[in-house]
Amino acid sequence: MTVNVDTTAQDFSWLSLPAAQQPEWPDSEALRKVLAELASYPPLVFAGECDQLRARLGAVARGEAFLLQGGDCAEAFDAVSADHIRNKLKTLLQMAVVLTYAASVPVVKVGRIAGQYSKPRSKSTETRDGVTLPVYRGDSVNGFDFTPESRIPDPERLKRMYHASSSTLNLVRAFTTGGYADLRQVHAWNQDFVRNSPSGQRYERLAKEIDNALAFMNACGVDPEEFKTVEFYSSHEALVLDYETALTRTDSRTGDLYDVSGHMVWIGERTRQLDHAHIEFASKIRNPLGVKLGPTTSVDDALELIDRLDPDREPGRLSFITRMGAGKVRDLLPNLVEKVTASGAQVAWICDPMHGNTFEASSGHKTRNFDDVLDEVKGFFEVHRALGTHPGGIHVELTGDDVTECVGGGDEVFVDDLHQRYETACDPRLNRSQSLDLAFLVAEMLR
């Protein structure tokens with residue numbers, strides 16, 4: 001299947017290649033009109049911001065900083081509200097404060113946000129009670145409701161994704177620069193359900209320490225501007241290439257191509273075929289890139305991905321996001337890290353401890369055990385410590401809401417609790433209490 005985009009832009013070489021996981025749009029003329037309209041829209045992010053993130057990720061690749069990347073499994077159009085966005089941002093800010101203060105390491109903050117509306121799927125159809133319909137591929141493509149009308153891919157949804165992403169980014173920028181992210185707000189981020197959890201109480205103690213440190217600095221006449229705002233970047237999986245191509249623009253400063261749908265984009269485990277369109281697309285844009293690497297990844301795969309996506313060996317250009325599973329990470333990761341390091345490449349190594357640890361509970365819910373998530377992170381750190389390389393970050397599916405989707409954690413969620421607030425459309429996410437638990441545990445490992 002090839003990508004169906006009509007464009008006259010330079011060197012869009014990926015358009016002639018097969019692309020996995022693409023929607024089967026029923027009306028090519030309707031798609032063409034939507035893509036032409038999208039191509040006329042303003043950029044969601046700017047090339048200079050992408051360059052800045054690439055520089056920050058360069059510090060991660062060199063071992064000088066740590067990446068915190070997190071957010072929804074799949075964003076939903078009906079969740080583009082101030083409360084939902086603020087809660088996600090609040091969770092990431094709290095995690096970043098824990099990592100920065102408790103581990104004394106600069107933290108690069110990147111959300112799975114403002115574009116994560118598409119999901120790869122293992123099957124193209126879904127069958128319930130003898131009825132077979134197209135699988136739900138995320139709000140950017142079709143609807144979650146199991147009806148023929150809802151499941152028809154609709155290109156108008158690509159425009160809705162753009163507008164939802166724009167609204168989200170506007171609010172995130174307002175929160176991160178308008179006072180909400182001021183470090184003196186550390187207590188205000190803890191005024192809800194999480195405050196009474198063990199991790200929330202631990203966070204409150206840390207917040208008091210930060211308050212004391214800020215009061216001391218203020219008494220000395222020191223009040224840095226850096227404490228008042230936060231650098232925060234957006235990222236998503238570059239999955240639906242019709243959309244990504246329509247938002248790929250030539251930078252007027254350099255003549256380079258940038259995907260202006262997000263600061264950082266990644267290529268998933270199901271779409272990283274070396275001779276397919278997704279890798280070719282990624283090779284042509286200047287955004288910082290991620291590639292998900294699962295347990296089937298060979299050393300040759302990793303080295304060829306580097307040659308294709310980071311031929312100049314530029315720190316910050318390429319992140320490898322490993323998703324091995326808790327039971328495999330200690331066996332499979334060392335050879336990859338060792339051989340990539342020996343090649344001279346400086347990639348940022350990021351741990352995704354979510355996707356390799358999913359199982360179906362007895363209740364029928366798709367879930368993850370917090371202990372497995374934590375064990376994969378521990379294994380990731382152990383491998384890098386043994387090899388003398390830098391464990392560069394974590395990539396986590398999380399929400400700021402009090403959901404019951406993953407079992408375990410300090411404020412424990414049991415299998416029998418899953419039905420209470422199971423709200424995800426695709427994969428189970430850590431709730432805020434579990435996310436803070438993880439941040440404290442990672443901070444201890446970083447120390």
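Counting from 1, the numbers follow the sequence of the chain as shown.
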Check: Are the side chains of L305 and F320 in touch, meaning some heavy atoms are under 4.5 Å apart?
Finding: yes
Note to self: Would you say that F66 contacts V60 through its side chain, given a criterion of any heavy-atom pair below 4.5 Å between the two side chains?
What the structure shows: no
Is it true that [Y] and [X] share a donor-acceptor pair across their side chains at a distance under 3.5 Å?
{"X": "S81", "Y": "H84", "result": "yes"}
{"X": "N357", "Y": "E376", "result": "yes"}
{"X": "T147", "Y": "D145", "result": "no"}

Next item on the list: Go through the steps for D371 and K378 under the test salt bridge (charged side-chain N to carboxylate O under 4.0 Å, His left out), then give the verdict.
Entry: CA-CA 10 Å; D371 286 345; K378 284 181 178 175; over 6 Å; no
Next item on the list: Establish, yes or no, whether a centroid distance under 6.0 Å links the rings of W14 and H276.
Entry: no
Next item on the list: Using the six-membered ring wherever Trp is involved, compare the ring planes of Y41 and Y162 and label them parallel, tilted or perpendicular (cut-offs 30° and 60°).
Entry: tilted
Check: Between H365 and Y422, what is the ring plane arrangement, given parallel below 30°, perpendicular above 60°, and tilted in between?
Finding: tilted
Determine, for [X] against [Y], whether the closest basic-nitrogen to carboxylate-oxygen distance falls under 4.0 angstrom.
{"X": "D72", "Y": "K88", "result": "yes"}
{"X": "R112", "Y": "E397", "result": "yes"}
{"X": "R385", "Y": "E382", "result": "no"}
{"X": "D427", "Y": "K119", "result": "yes"}
{"X": "R54", "Y": "E314", "result": "yes"}

Notebook entry, point to check: ring pair (Phe, Tyr, Trp, His ring centres under 6.0 Å) between Y117 and F77: does it pass, once the steps are laid out?
Noted result: CA-CA 8 Å; Y117 289 97; F77 293 153; 5.2 Å; yes
Margin query: Between C406 and Q434, is the side chain to side chain contact (heavy atoms under 4.5 Å, CB included) condition met? List the steps.
Written below: CA-CA 9 Å; C406 294; Q434 292 166 329; 4.0 Å; yes
Check: Which pairs count as salt bridge (charged side-chain N to carboxylate O under 4.0 Å, His left out) when at least one residue sits in residues 349-365, sequence neighbours excluded?
Finding: K292-D352
